[in-house]
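Structure record follows, encoded as structure tokens.
Keep in mind it's a predicted model, so treat the numbers as computed, not measured.
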Amino acid sequence: MKKIIFIISFLLFSQSLFAADLKLQTYPNAREVSHTSTQDDDYLLALSAYKKVDNSWLVDRSQRLSGSLERTTFELPADHTADMGFVFFRDQLDKYNLRELFHCKARDCGTSNSWANNHFKIIQLYGMDQHQLYGAYEITNADEKPFYVVIYAVMRGNKRAYVQLEVLHLNKLNEFGVASSPETLNKLLNTNGYFVFPDFVSKDAQGSAHLQIKQAHIQALVSLLNLQPKLTLALVGHDYSVATIEQQKNESKKNADQIKAALVAAGVDTKRLQTFGIGSLAPAGRGDRSARVEIVKVGEN
């Protein structure tokens, strides 16, 4: 009986990777090269490509984090590509409350040697620069301690593809915040026309929702506006508290104004920013939020 229970438990584990309540299916028929589960108090989350600086390959955007870390290296079946492996794991993340932090492909990621030997320190990940993909993502859940998921896929010269999957669950919230790269924010604006400003919503004694703005997100938005000097934005507040429409509109406008004030204080021209408060009049996209502010692309002057 014990043997049967052990076999069932092993099969269940081999089909899924667990980190608290984040569950990802493994790639069908892939070979697990290595798997570790540890506590990491100095995890480097890369948020940019590797670039050569003074004869060294470095990332110019990153974040040091601590938490429970699971690392798994897969060798995909023959004739399966790095793109297939990357997409398989990336698509599973869409069912969660997901935010893309950084993504690159092929030579835009820098050298595969840098990722394999300097970053991950796994020799099997050293492949062809033109056949590599990297993505870093944040997934928020009910306990407000997010997961950070890293996917790196590459094809080696022997045509075998490998995927590195890393899942970090924070021990505590990062007060500064982990921001998406300016390039990612620009891609969201150009693709969707907007993105939701990452924030933590708290309620006061009266039950009104207020944003707790993290400086990293402000800095990322400032960097985007510096990269795109003609870009103009609308900051659109939403509020779903139990109140009249006028009260909701007032509260949501305050939240939008709060972000604008932080951007102006960081040097952004006030003429490039408009604020609106529409309360609960646009329920689509609410999700589990009690309030939110959307950053909307208005135009490029």
Side-chain angles (χ1 to χ4, degrees), residues 24 27 43-65 69 71-74 76 80-94 96 98-139 146-157 160-168 177-192 195 198 216-217 219-228:
L24 301 178
Y27 196 95
Y43 180 76
L44 179 66
L45 180 65
L47 299 172
S48 69
Y50 270 86
K51 301 175 183 177
K52 196 169 187 179
V53 180
D54 296 331
N55 295 320
S56 298
W57 288 89
L58 305 170
V59 290
D60 55 18
R61 293 188 71 255
S62 63
Q63 188 80 41
R64 293 284 183 179
L65 302 170
L69 174 65
R71 308 179 78 217
T72 310
T73 307
F74 296 103
L76 303 190
H80 288 230
T81 66
D83 288 76
M84 292 168 65
F86 186 91
V87 170
F88 175 83
F89 289 108
R90 170 61 183 82
D91 284 353
Q92 292 185 63
L93 302 181
D94 283 333
Y96 297 99
L98 177 70
R99 184 164 62 92
E100 181 181 298
L101 302 174
F102 176 70
H103 174 267
C104 63
K105 184 175 183 178
R107 290 186 171 87
D108 287 342
C109 296
T111 66
S112 176
N113 178 56
S114 296
W115 290 104
N117 295 322
N118 299 341
H119 190 80
F120 295 113
K121 296 178 173 59
I122 298 174
I123 192 172
Q124 289 90 342
L125 299 178
Y126 181 23
M128 296 181 284
D129 296 346
Q130 66 271 32
H131 294 297
Q132 61 177 334
L133 306 94
Y134 174 85
Y137 308 92
E138 180 186 77
I139 294 175
F147 294 99
Y148 290 95
V149 180
V150 164
I151 307 171
Y152 178 74
V154 66
M155 179 174 284
R156 291 170 58 88
R160 297 307 297 258
Y162 289 78
V163 176
Q164 180 71 12
L165 179 67
E166 303 194 348
V167 180
L168 180 78
V178 179
S180 298
S181 69
E183 295 79 10
T184 296
L185 298 181
N186 191 48
K187 180 179 70 175
L188 290 172
L189 288 179
N190 289 331
T191 303
N192 303 326
F195 64 86
H217 304 309
Q219 290 184 1
L221 197 44
V222 170
S223 296
L224 168 63
L225 289 164
N226 289 337
L227 288 172
Q228 304 290 335

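Applying the 6.0 Å contact sphere to NZ of Lys105 captures no more than 12 heavy atoms from other residues, nucleotides or ligands.
Taken to the nearest 0.5 Å, the OG atom of Ser181 stands 8.0 Å off from the NZ atom of Lys187. With values rounded to the nearest 0.5 angstrom, Arg90 atom CZ is found 5.0 Å from Leu98 atom CG. In this structure, the separation between CG on Asp129 and OH on Tyr50 is 14.0 Å, given to the nearest 0.5 Å. In this structure, NZ on Lys51 lies 13.0 Å from OG1 on Thr111, to the nearest 0.5 angstrom. In this structure, CG on Leu168 lies 11.0 Å from CD on Gln63, to the nearest 0.5 angstrom.
Looking at Tyr134, Tyr137, Phe86 one by one, the single match for ring-ring contact (aromatic ring centres under 6.0 Å, His included) with His103 turns out to be Phe86.
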Apply the test side chain to side chain contact (heavy atoms under 4.5 Å, CB included) to residues Leu189 and Gln228: give CA-CA distance (whole Å), side-chain angles for both, the deciding distance (0.1 Å), then the verdict.
CA-CA 12 Å; Leu189 288 179; Gln228 304 290 335; over 6 Å; no
Leu93 and Leu24: CA distance, side-chain angles, deciding distance, side chain to side chain contact (heavy atoms under 4.5 Å, CB included) verdict:
CA-CA 8 Å; Leu93 302 181; Leu24 301 178; 3.8 Å; yes
Between Glu166 and Tyr43, is a side-chain hydrogen bond (donor to acceptor under 3.5 Å, both in side chains) present by the stated rule, with each step listed?
CA-CA 11 Å; Glu166 303 194 348; Tyr43 180 76; 2.6 Å; yes
Pair Phe74-Tyr27, ring-ring contact (aromatic ring centres under 6.0 Å, His included): steps then yes or no:
CA-CA 8 Å; Phe74 296 103; Tyr27 196 95; 8.1 Å; no
Could you go through Tyr152 and His119, starting from their C-alpha distance and side-chain angles, then the distance that decides it, and tell me whether this counts as ring-ring contact (aromatic ring centres under 6.0 Å, His included)?
CA-CA 11 Å; Tyr152 178 74; His119 190 80; 8.6 Å; no
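Residues meeting the side-chain hydrogen bond (donor to acceptor under 3.5 Å, both in side chains) test with Asn192, sequence neighbours left out: none. With sequence neighbours excluded, no residue satisfies ring-ring contact (aromatic ring centres under 6.0 Å, His included) with Phe102. In this view, Asn226 and Val222 satisfy the side chain to side chain contact (heavy atoms under 4.5 Å, CB included) rule, not counting sequence neighbours.
Contact detail for Leu125 and Ser112: the closest heavy-atom pair is O-OG, 3.1 Å.
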